[in-house]
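Each chain gets a letter, A, B and so on, in the order its sequence line appears, and its residues count up from 1. Please read all numbers here as calculations on a predicted model, not as lab measurements.
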Amino acid sequence: MPELPEVEVVRRRIAPLFVGRTIESVRTTRPSYFFLTPPVTLQRRLAGRRATALERIGKYLVAELDDGGRLLLHLGMTGQIFASDAASRRLLTGKRRRAPAQAGPFRPDRHTHLVFGFKDGGPRVLFRDARKFGKVAYLEPGADEPRLTKLGPDALKADGRALYEAFRSRRAKIKTVLLDQGVLAGVGNIYADEALYLARVRPTRRADSLTRAESLAIARAVRRVLMRSIAAGGSSISDYVQPDGQDGSYQETHYVYARTGEPCRRCKTPIRRVVIGQRSSHFCPSCQR
DNA sequence: CACTTCCCCTGCAAGC
DNA sequence: TGCTTGCAGGGGAAGT
């Protein structure tokens with residue numbers, strides 16, 4: 001799903017539709033673990049509220065509300081946030097991205113867990129998530145949220161020296177450590193693979209085996225792939241779409257992710273896939289040491 | 001603590 | 001065509 005770049009693109013696009021507008025109604029699906037805060041409570045707390053800012057913390061979106069509370073959103077693997085007037089041609093899943101344009105506006109389906117209606121009667125904001133790995137929570141004013149406070153520094157600001165220090169005490173594989181949101185917030189499976197490729201480090205290397213130079217290279221590579229992906233509108237692999245319904249294009253630039261068996265863009269060696277910590281990892285056995 | 005395994009849920013592609 | 005299996009961008013809980 002959405003990693004830092006996709007969440008950041010969603011934030012930028014959705015902020016103008018969400019910030020400054022008074023929420024009139026909140027429609028939800030039935031209670032499920034998607035709702036960290038029960039639907040009835042969400043409705044009670046959010047009706048009449050107005051967001052004053054929408055920020056991104058790691059892969060979380062956090063709306064500051066005019067009562068001092070906060071609205072926490074996480075897209076999980078398949079979360080989609082979009083406007084009710086978005087081009088709806090491919091909001092309904094898929095890998096089959098050639099699907100013909102769907103006529104008319106998007107109709108909330110059984111996977112559309114949140115629909116915000118506003119007092120001004122303008123476009124609604126919808127949150128859809130087929131797998132329900134996403135999350136929504138209302139945080140009372142001043143409430144502490146461990147999910148947020150546990151996060152490490154933002155991956156866009158990855159610092160090589162700090163990473164080197166963190167790596168030194170970790171015996172796990174570097175791929176696993178990069179996915180640890182407490183070390184660096186925002187990197188997920190795609191960008192961990194892409195960054196390690198650019199840094200020429202194999203995902204299977206133990207973190208504590210990395211040199212200072214390699215750590216600096218990884219930090220630089222992380223910043224680079226994330227910035228470039230944001231500029232490209234994110235990676236649209238299966239479900240991710242921008243809030244206006246358009247695909248991102250960074251997947252066209254991937255060096256290794258989902259390119260198993262295909263030639264390395266640098267040396268033509270077939271890209272290899274291994275499983276690390278239950279997640280697939282892709283790398284070039286020739287370029288990455 | 002650090003690390004690993006399992007699990008939450010749905011939809012799609014590939015294989016038979 | 002239909003069934004089964006494997007796989008998917010995340011992360012928390014519980015185990016060692």
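A/Tyr257 comes within contact range of the sugar-phosphate backbone alone, with a heavy-atom separation under 4.0 Å but no base atom that close.
Across the protein-nucleic acid pair, A/Leu148 atom CG and C/dG11 atom P stand 12 Å apart, rounded to whole Å. Atoms OH (A/Tyr33) and P (B/dC7) sit 14 Å apart, rounded to a whole Å. When the C1' atom of C/dG10 is taken as reference, atom CG of A/Leu61 falls 14 Å away, rounded to whole Å. The distance between atom CG of A/Leu75 and atom P of C/dG11, rounded to the nearest whole Å, is 10 Å. In this entry the distance linking NZ of A/Lys132 with C1' of C/dA8 reads 18 Å, nearest Å. Put simply, CZ on A/Arg128 is 10 Å from C1' on B/dG11, counting in whole angstrom units. Counting to the nearest Å, the P atom of C/dG12 and the CZ atom of A/Phe35 are 19 Å from each other. Atoms NZ (A/Lys135) and C1' (C/dA13) sit 12 Å apart, rounded to a whole Å.
The distance between the ring centers of A/His113 and A/Phe127 does not fall below 6.0 angstrom.
No donor-acceptor pair closer than 3.5 Å links the side chain of A/Glu8 to the backbone N or O of A/Ile230. A donor-acceptor pair is defined here as one N or O able to donate and one able to accept, closer than 3.5 Å; no such pair exists between the side chain of A/Asp247 and the backbone of A/Ser236.
If you check C/dG12, C/dA8, C/dG10 against the side chain of A/Tyr60, the one that comes closest is C/dG12. The listed nucleotides are C/dG10, C/dG12, B/dC6; the one nearest the side chain of A/Arg147 is C/dG12. Taking only side-chain atoms of A/Lys150, from C-beta outward, the nucleotide of B/dG11, C/dG10, C/dG12 with the closest atom is C/dG12. When distances are taken from the side chain of A/Arg171 to each of C/dG10, B/dC3, B/dG11, the shortest belongs to B/dC3.
Proximity of A/Lys59 to the phosphate of C/dG11: a side-chain N or O atom is located under 4.0 Å from OP1 or OP2. An OP1 or OP2 oxygen of B/dT10 is reached within less than 4.0 angstrom by no side-chain nitrogen or oxygen of A/His111. Taking only side-chain nitrogens and oxygens, A/Arg170 comes nearer than 4.0 Å to OP1 or OP2 of B/dC3. For C/dA8, one of the phosphate oxygens OP1 or OP2 lies less than 4.0 angstrom from a side-chain nitrogen or oxygen of A/Ser280. OP1 or OP2 of B/dC3 has not a single side-chain nitrogen or oxygen of A/Arg206 nearer than 4.0 Å.
Checked by distance alone, A/Arg131 brings a side-chain donor or acceptor within 3.5 Å of a matching partner on the base of C/dA8.
At a threshold of 4.0 Å, the pair A/Arg205-A/Glu214 counts as salt-bridged, since one of the basic side-chain nitrogens sits closer than that to a carboxylate oxygen. Note on A/Arg161 versus A/Glu165: no salt bridge recorded, every NZ/NE/NH1/NH2 to OD/OE distance being 4.0 Å or above.
Annotation: of the two residues near DNA chain B, A/Ala172 and A/Gln278, the 5′-most nearest-nucleotide partner is A/Ala172. Mapping A/Lys173 and A/Arg110 onto DNA chain B by nearest heavy atom places A/Lys173 closer to the 5' end of the strand.
Nucleotide B/dC9 forms a pair with no other nucleotide shown, judged by Watson-Crick or G-U wobble geometry with both contacts under 3.5 Å.
Inter-residue side-chain proximity for A/Glu6 and A/Ser235 is flagged as met; some heavy-atom pair is nearer than 4.5 Å.
Comparing the P positions of B/dC9 and C/dC3 gives an interatomic distance of 23 Å, to the nearest angstrom.
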